[in-house]
Amino acid sequence: MTNQNRAPIYEAMEEQLSNRVVHFDVPGHKGGRGNKELTEFLGEKAVKADLSSMKPLDNLCHPISVIKEAHELAAQAFGASAAFFMVNGTTSSVQAMIMSVCKAGDKIILPRNIHRSVIGALVICGAIPVYINPKINKKLGIPLGMSISDIRRAMDDHPDAKAILVNNPTYYGICSALSDIVKLAHERGMLVLVDEAHGTHFYFGENLPINSMKAGADMASVSMHKTGTSLTQSSMLLCGENINTGYVAQIINLTQTTSASYLLLSSLDLARKNLYKNGKEMFAKTLKLANYAREEINQIGGFYAYGKDLVDGDSVFDFDLTKLSIYTRDIGLAGIEVYDILRDEYGIQIEFGDIGNILAIISGGDRELELERLLSALAEIKRLYSKDKSGMFELEYIMPQVAMPPQQAFYSNLRQIPIEKSEGEVCGEFVMCYPPGIPILAPGEKITPEILDYIRYAKEKGCQLTGTEDLAVEYIKVVE
């Protein structure tokens, strides 16, 4: 057993900083002396700790000492066969995961309500998506998990698929029947990949949904910075015993930076140590806060903070109760409108607002007093801003019509036209609200009247639309 009380990258950095080494290497700010304003903003210790790869600190592209040891500690802590530290965000982790198991022309089964990073991987590697449209909760308008019957049908129809990818949990907290999916896939010789960006806490908390490694998944991408206490942009890629980790390392090195930030690496190292030692207590507090908030919000009336009541044993196999997902349309306000009011009028920043819901991320770092501010603000918003809900857009997810694979569409000859005149065309780029970053349109999908109505409504309500080359999202590139 390795010593989980250690943090080898952090320890090596502390030793390096105490050695008074003279630096004639990068970064060029030279411990902050070359940029005084940056030093004042971040603090002297932070800029001095912004180090570059050197022998005592190992190299992320080819780890043989302290980074290798940190990887081994992380693998043990998460119950994985191997772990990789990722500093290009979970986007790079998701893309490395897919590119490690799929080549051009290979099929991969996945839900369409995936993060844009997944479709980005398909554009890069040329894999062919076999989409499963998730079930929809008609009241909330949100996509749920994948039904086992739909998964079985997709696997039977496409027995040559290399893998299936699962969102677990979704942004809203919806969990699929992960253990059953793993069993189905492995019986057919398919690998199971999990976008577990929002599920770091599943590995260390109690009374939470099953984590990917325990369920037997082959690879999982874990956003340590979301609920795992590391710095933004830091992530992990976990691998099970069926994976050739040497090949995965080669794939990672195709796209991950050769100038890894040691601030991010040390934060992953310390976050793993923190989670292993304190995770059970941290996430017990998180659950307590989230459950209290859910009960109080539902007593306000008008808002609906949903949870285990959605569980049906299939497309909602489980629910992550740390997620404070709140339906807003019953008070006549879109989620993004409540998001804006909270930020602009009450000084409260939540994770996101969409057409009908908001999401507040709760963690062990939150305080009861701050949560009370959120509850009071929601009660006032209901009292001051409620209006007639007639005419509101009802669906958060529109099932796409796929005309061609993403890579083919993205690299086709494209022309740019006004988005209002694009009905019937095949999209050549992305359109999405960010967050959560789930494409409304992806390359290769037909532009339908329903999608155009959604885009108009999202703009009207103030959603932040992204993805198109045109920053104003007035024009869109379509396949010629």
Side-chain angles (χ1 to χ4, degrees), residues 94 97-98 100-103 105-115 118-119 121-122 127-138 140 142-199 202 209-221 238-243 308 310-320 395-402 405-406 438-439 442 444-445:
V94 166
M97 185 168 66
I98 293 169
S100 294
V101 303
C102 292
K103 300 180 177 65
D106 287 344
K107 293 179 183 176
I108 179 170
I109 298 169
L110 37 79
R112 175 53 183 78
N113 60 319
I114 31 120
H115 189 264
V118 176
I119 298 178
L122 305 183
I128 308 298
V130 176
Y131 289 129
I132 295 176
N133 280 312
K135 294 290 190 289
I136 304 295
N137 182 294
K138 291 183 179 179
L140 305 177
I142 63 171
L144 305 174
M146 292 184 288
S147 166
I148 289 294
S149 59
D150 289 343
I151 290 171
R152 186 179 288 111
R153 188 179 306 112
M155 289 178 172
D156 290 344
D157 291 345
H158 301 274
D160 54 340
K162 298 292 183 182
I164 179 170
L165 183 137
V166 187
N167 291 333
N168 203 73
T170 69
Y171 225 138
Y172 301 97
I174 307 294
C175 295
S176 296
L178 196 52
S179 297
D180 293 339
I181 294 170
V182 169
K183 185 173 183 292
L184 280 175
H186 286 177
E187 287 173 351
R188 291 161 171 78
M190 299 178 192
L191 297 173
V192 178
L193 317 179
V194 184
D195 182 347
E196 205 169 24
H198 293 271
F202 290 0
I210 192 169
N211 65 66
S212 296
M213 292 295 106
K214 190 172 182 180
D218 299 290
M219 301 180 82
S221 297
L238 306 177
C239 299
E241 60 186 11
N242 295 327
I243 297 299
K308 292 273 191 180
L310 298 184
V311 171
D312 61 10
D314 187 24
S315 55
V316 188
F317 183 78
D318 206 347
F319 189 88
D320 174 13
L395 285 178
E396 195 58 51
Y397 173 79
I398 300 171
M399 294 183 182
Q401 297 179 22
V402 180
I438 298 168
E445 296 176 359

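Everything numeric here is computed off the predicted structure, so don't read it as measured data.
In this structure, Arg112 contributes its side chain and Pro439 its backbone to a donor-acceptor pair below 3.5 Å. A donor-acceptor distance shorter than 3.5 angstrom exists from the side chain of Asp314 to the backbone of Ile148, with no hydrogens or angles considered.
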For residues 158-168, dump all side-chain donor-acceptor pairs below 3.5 Å to protein atoms at least two apart in sequence or in another chain.
unit_1, atom_1, unit_2, atom_2, d
His158, ND1, Lys107, NZ, 3.1
Asp160, OD1, Lys107, NZ, 3.4
Asn167, ND2, Asn113, O, 2.8
Asn168, OD1, Ser176, N, 2.9

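Taking each heavy atom of Val182 and Ala217 in turn, the nearest pair found is CG2-N, 3.8 Å. The heavy-atom pair separating Pro143 from Pro134 by the smallest distance is CB-CG, 3.7 Å. Heavy atoms only, all atoms of each residue included: Glu196 and Ala220 are closest at OE1-CB, 3.5 Å. The two residues Val192 and Ile181 have their closest heavy-atom pair at CG2-O, 4.3 Å.
The side-chain contact (heavy atoms from CB on, under 4.5 Å) test with Ile114 is passed by exactly one of Asp195, Ile119, Thr170: Ile119.
Remark: Arg153 engages Asp150 in a salt bridge, criterion side-chain N to carboxylate O under 4.0 Å.
Among residues two or more places apart in sequence or in another chain, the side-chain contact (heavy atoms from CB on, under 4.5 Å) test is passed with Glu187 by Lys183, Leu184. Taking the salt bridge (charged side-chain N to carboxylate O under 4.0 Å, His left out) definition, one finds that Lys308 meets it with Asp318, sequence neighbours left out.
Here the CZ-CG distance, from Arg152 to Asp180, works out to 9.0 Å after rounding to the nearest 0.5 Å. Of the inter-residue distances, the one linking Ile398 atom CD1 with Ile136 atom CD1 reads 10.0 Å to the nearest 0.5 angstrom.
Side-chain contact between Leu140 and Leu310 is present, with at least one heavy-atom pair separated by less than 4.5 Å. Contact check for Met190 versus Ile109: side-chain heavy atoms found under the 4.5 Å cut-off. Side-chain contact between Leu110 and Met146 is absent, with no heavy atoms from C-beta onward closer than 4.5 Å. A heavy-atom distance below 4.5 Å is not found between the side chains of Phe202 and Ser212. In this structure the side chain of Ile108 reaches within 4.5 angstrom of the side chain of Leu193, judged on heavy atoms. Residues Asp218 and Cys239 are not in side-chain contact: their nearest non-hydrogen atoms beyond the backbone lie 4.5 Å or more apart.
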